[in-house]
Amino acid sequence: MNSYDPKEIEPKWQKVWEEQGIHHAKEDVKKPKYYALMEFPYPSGDGLHTGHVRGYTAMDIIARKRRMEGYNVLYPIGWDAFGLPAENYAIKTGIQPAITTKKNIENYRKQFKSLGMSLDWDREVDTTDPKYYKWTQWLFLKFLENDLAYKAKMNINWCPKDKIGLANEEVVDGKCERCGTQVEKRVKEQWMLRITKYADRLDRDLDLVDFPERVKAQQRNWIGRSEGAEIDFLLDFTYDKKANANRGPNGEKAAIKVFTTRPDTIFGATYLVLAPEHPWVTLAIEQHEVLENKKEVIAYINSVKNKEEIERTAEGKEKTGVELKGVKAINPATGEEIPIWIADYVLPNYGTGAIMAVPAHDERDFEFAAKFKLPIKQVVAPVFYDKTNPVKPDAENTIRHGVIIIIKHWSEDKYLLDYSPKFNWKCLFTGGIEEGEDPLEAATREVREETGYQNIKSAVYVPFEHIDKFHAPHKNLNRHVFQKNIFIQLADGEEKERSDEEKDLHHISWLSEAEMKKEISLPNHLEVFEIFLQNGKAITGEGSLINSGTLDGLIGIEAKDKAIELVNGTKKTSFKLRDWIFSRQRYWGEPIPVIHCEKCGMVPVPEKNLPVTLPEVAMYEPTDNGESPLSAIDSWVNVECSTCGGKAKRETDTMPNWAGSSWYFLRYTDPNNDAEFASKERLNHWTPVDWYNGGMEHTTLHLLYSRFWHKFFFDIGLVPTTEPYQKRTSHGLILAEGGVKMSKSKGNVVNPDKVVEQFGADTLRVYEMFMGPFEQAIAWNEESLVGPRRFIEKVWKLQYKIEDKDPDVDRQIDMHRTIKKVSGDIELLGFNTAISTLMIWVNTLEKYDSVSKMEFETLTKLLAPFAPHVADEVWYSIGHGHILATETWPDFDEQKLEKREAILAVQVNGKVRATLTTSADDTEDDVKTRALELPEVQKWLNGAVPKKVIVVLGKIVNIVV
RNA sequence: GCCCGGGUGGUGGAAUGGUAUACACGGAGGACUUAAAAUCCUCUGGUCGCAAGACCUUGUGGGUUCGAGUCCCACCCCGGGCACCA
């Protein structure tokens, strides 16, 4: 008997696989294709980490299983090799990024091979290879041709010490990632990609793909689609020709366009707010005669400009703003004049940069209105449905008006609670308003009648109205009661004796604020009391329109649609997603293939001149003016214009990292094509990617970016599908021992090479798949590694117990169940449970004197995707001349999943008291009879007659006494 | 605040509404050994009990059900994402 030695067998099989070329995808049309993909790595100097192993092993399992299932599998690998670390390293050492990158790639390649990944090494791509980035540049030109790439002045993050523009990812807590200096804003011209044009489709088409819900949710959240309307608010101010020629012909009224998702609340719009950057504000400042407080307005705008973004959007920041005095807007619904303010809580780049403020129904507007004493007008009344007497669909609806009354003690801080024994309600006081009666008078009357207290100091409205809906059974009517809520302060304790009936109906008691909150049992009353205590709040929920003229009584979508119609608005969808800043002032990226000609302006580099290759430079430091180091190389920058032959300069900005990774999976289909970025046939054959695994951290960057590129490519006929990835999964993070992040500075990084050295690649693979649910973050645990190793050794030892005879039926059932469970779990990412199922079976087999060849071969095949080296080794040593990759994945037999005998739990009143062995032929009655005869059951029944006996064959018996 | 996850032994974690704690690690005891490692066997949620056994237990509190970790309601805590997006 040989002992298991991964050091010997692992390199051996890796060599065999490579020699046989078994993992190379062929364009073999006879087999169905399967494209398995894992996000390609950035080849850093630190080498592979355990997280890579997790993702690549998972996809390797899928790839290997698919091959055995008869698919033509593409499981490629490449390098996302542009990026900052190589460039920073170059700045420090002067070593060219190209050289360090090459070295790192070699190391990665070696590591991947030592892990036994069944990758197709013939299709490697490297984003920094000019043969590759030629096509990245070519694709960029397509964006340019289709007006999806443009230049714009943008605020960028600027480090004054390093004199460099920073990407958002390079700014940590408002400071430069490298030197810790506070980052400034600078306006710089940047290349942009118009991803916003695809916002709607990027959102909607998520319905077409099989992505985890959390990924979809996160992308949707990021895209931030919201439906609403744009509405014009006319100003009371008329342009004249001198003041502004482009705002319309002489005498036309100026208007502010606002975006709102709540057009239904238009009657409650009591003022407008513009972003300080809103173009009309600039205009107004230039109109000397418009603003009465121009100085104040300018001062405010300047104060906002100097604020950092973080400060401006900080949580809990108190609202600031200034009124534009001398100009009013007209609410198109009410026709009333309303003030116009500017405030930095309105963002310039969302919607129209202007809002109609509805303080009664928006928390931010409420806060602002409260601070600046602006009017608050409620136009949506929440509707409370009584649960004890719910409205009946067939009963007639009647409208009533009522009051709900909060009563405060004349001297103490106490409130009166009404307890109604008849309904078992603890609540505030209520009453109906009679025809022509003032609500405050009605409330006063009710207080005197129901409580006996006579002298009232004050009666005021609580700033909240609502509607109660219930069914009045004695008249069979549905009541819709419009409630006004009123606060009454008693003057003194003078009481008048109440009638017996009133005393019976209303048991009254004085309670403190906190006690009231606890005791009030009706949700509508509780809401009234809480709003009273807070002195009003924004009511953001649904409700029925009130105080809204012809819209009164409308609700939901109908209310919105009618409101838009009423004020001549247009339906509009807005997105949070912003266009993508696509240029970096860096060396180590794809040069943007554009030249700037003195005569012709911006000229795209003609296709025949691609690629625009990166020149070697001596200094990688950025220049003083924040341009890329490329700008310092005159020989590279100065070129002839390809259109007119005149003097021109190259664009010196480079593309961000996300460029090469946005389309690499397409290149895998045809990696060596010099004539096209990939051929039609190859793309048709392989795309879309069937299963794409990657990290959660790429959900709103790489994953969204590449979906955007792909959709554009589809639109111009470059690719055959609208979505690049059919199925997406994401592996959870691997944390260091103790549940903290692995980091070099903490020195807690686990090096996979060391684990392979000590335990073998198969053990590492099984361990990482077994350690916990695949999509969940999980902490590394050195001690637990021996478990998978012991498991592999148990399998190893089983090979010496093979006897060539068929196992009995029960053992076959074990086998078929294992096949079913393992096969199914792999598809559902249940790698941990798939492995535990194999462990259970191995533990069972180990106990027998011998295993059959059939059992052992099945085990080997099921194990092969997880631990491919040891699987091939034992497969070979039991006499097979071919490798497992060419074997077929085992099938299970539906007929062999249920055992003849089952052990059921017998419960008495839901508690397990005994077990009972039953056979497949037993009927419910048999089982019932036998269960009742069991001595344990007799003991617990103690002579009682069972009320009910529930028998679920094969599962359980429950005897209810 | 909003949107996703998640709370189960000493630890990682299993459980189509049907014997909660599978599998693995760790721990205890034993076998083998001069000894140790490796390996193998037994035990291992808690409380009470000599034992037989009883009771309790899946973040908390209610509910539905013959039966709830699983379904419903309310709440607490942890992780991730977004965050003045009108």
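Note on naming: letters A, B, ... go to the chains in the order of the sequence lines (proteins, then strands), and numbering restarts at 1 for each one.
The local environment of CD in A:E363 is sparse, with at most 12 non-hydrogen atoms from other residues, nucleotides or ligands closer than 6.0 Å. A:K801 NZ: more than 12 foreign heavy atoms inside a 6.0 Å radius.
A:E775 places its CD atom 10 Å from the P atom of B:G6, with the value rounded to the nearest Å. Between the CG atom of A:N909 and the C1' atom of B:U65 there is a distance of 14 Å, rounded to whole Å. Atoms NZ (A:K939) and C1' (B:A52) sit 9 Å apart, rounded to a whole Å. Spacing between atom CZ of A:R225 and atom C1' of B:C3 amounts to 17 Å, rounded to whole angstrom units. Between the C1' atom of B:G6 and the CG atom of A:L733 lies a distance of 16 Å, rounded to the nearest Å. Regarding A:F866, its CZ atom lies at a distance of 18 Å from the P atom of B:C23, rounded to whole Å. Atom CE in A:M771 sits roughly 13 Å away from atom P in B:A14 (whole-Å rounding). Look at CZ on A:F259: it is 16 Å from P on B:C84, rounded to the nearest Å.
Not one side-chain nitrogen or oxygen of A:N843 sits closer than 4.0 Å to the OP1 or OP2 atom of B:A22. One finds a side-chain N or O of A:R913 lying less than 4.0 angstrom from the OP1 or OP2 phosphate oxygen of B:C55. At B:A86, none of the side-chain N or O atoms of A:Y345 fall inside 4.0 Å of OP1 or OP2 (strictly under the cut-off). For the OP1/OP2 pair of B:A86 and a distance below 4.0 Å, the side-chain nitrogens and oxygens of A:S226 include at least one atom meeting the criterion. OP1 or OP2 of B:A14 lies within a sub-4.0 Å distance of a side-chain N or O belonging to A:N832. Dashed line: the shortest gap from a side-chain N or O of A:K911 to OP1 or OP2 of B:C56 is under 4.0 Å. Phosphate contact (OP1/OP2 of B:G26, side-chain N/O of A:R790, threshold under 4.0 Å): present. Residue A:Q776 places at least one side-chain N or O closer than 4.0 Å to OP1 or OP2 of B:G13. Taking 4.0 angstrom as the limit, A:W940 places a side-chain polar atom (N or O) nearer than this to OP1 or OP2 of B:A54.
In this structure, of B:C23, B:C84, B:G81, it is B:C23 that holds the atom nearest to the side chain of A:S836. Comparing B:C82, B:A86, B:U19 by their closest approach to the side chain of A:W222 singles out B:C82. Across B:G81, B:A24, B:G18, the shortest atom-to-atom separation from the side chain of A:F770 is found for B:A24. Of the candidates B:A86, B:A14, B:A22, the closest approach to any side-chain atom of A:P773 belongs to B:A14. Across B:G18, B:C66, B:G13, the shortest atom-to-atom separation from the side chain of A:V960 is found for B:C66. You'll find that the side chain of A:K319 is closest to B:C84, out of B:C84, B:A86, B:C3.
For the atom pair A:S548 OG and A:Q378 CD, the distance stands at 10.0 Å (nearest 0.5 Å). Atom NZ in A:K576 sits 8.0 Å away from atom OG in A:S226 (nearest 0.5 Å). Within the model, atoms NZ of A:K821 and CG of A:L838 stand 11.0 Å from one another, a figure rounded to the nearest 0.5 Å.
Across all strands shown, A:I840 has heavy atoms under 4.0 Å from sugar-phosphate atoms exclusively, and none from any base. Here A:S784 lies in heavy-atom contact (under 4.0 Å) with sugar-phosphate atoms only. Within the nucleic acid shown, A:P788 has no heavy atom closer than 4.0 Å to any nucleic acid atom. Across all strands, A:Q907 comes closer than 4.0 Å to base atoms (heavy-atom distances). No engagement by A:E697 is indicated, since no non-hydrogen atom pair under 4.0 Å with the nucleic acid exists. Counting any heavy atom pair closer than 4.0 Å across all strands shown, A:L785 reaches no nucleic acid atom.
Nucleotides B:G49 and B:C4 are separated by 49 Å at their P atoms, to the nearest Å.
Side-chain atoms of A:K797 and base atoms of B:U39 include no donor and acceptor less than 3.5 Å apart. If you check distances only, the side chain of A:K947 never reaches the base of B:C66 with a donor-acceptor pair under 3.5 Å.
A heavy-atom distance below 4.5 Å is not found between the side chains of A:R817 and A:T837.
Comparing A:E363 and A:G224, the nucleotide of RNA chain B nearest to each residue sits closer to the 5' end for A:E363. Each of A:V786 and A:N958 was assigned the nucleotide of RNA chain B with the nearest heavy atom; the assignment lying further toward the 5' end belongs to A:V786.
Pairing for B:G1 is with B:C82, a Watson-Crick or G-U wobble pair whose two hydrogen-bonding atom distances lie under 3.5 Å. The pairing partner recorded for B:G26 is B:U44, the criterion being a Watson-Crick or G-U wobble arrangement whose two distances lie under 3.5 angstrom.
A donor-acceptor contact under 3.5 angstrom links the side chains of A:Y345 and A:D365, judged on distance only.
Of the candidates A:D922, A:I903, A:L904, A:I903 is the only one forming a side chain to side chain contact (heavy atoms under 4.5 Å, CB included) with A:T917.
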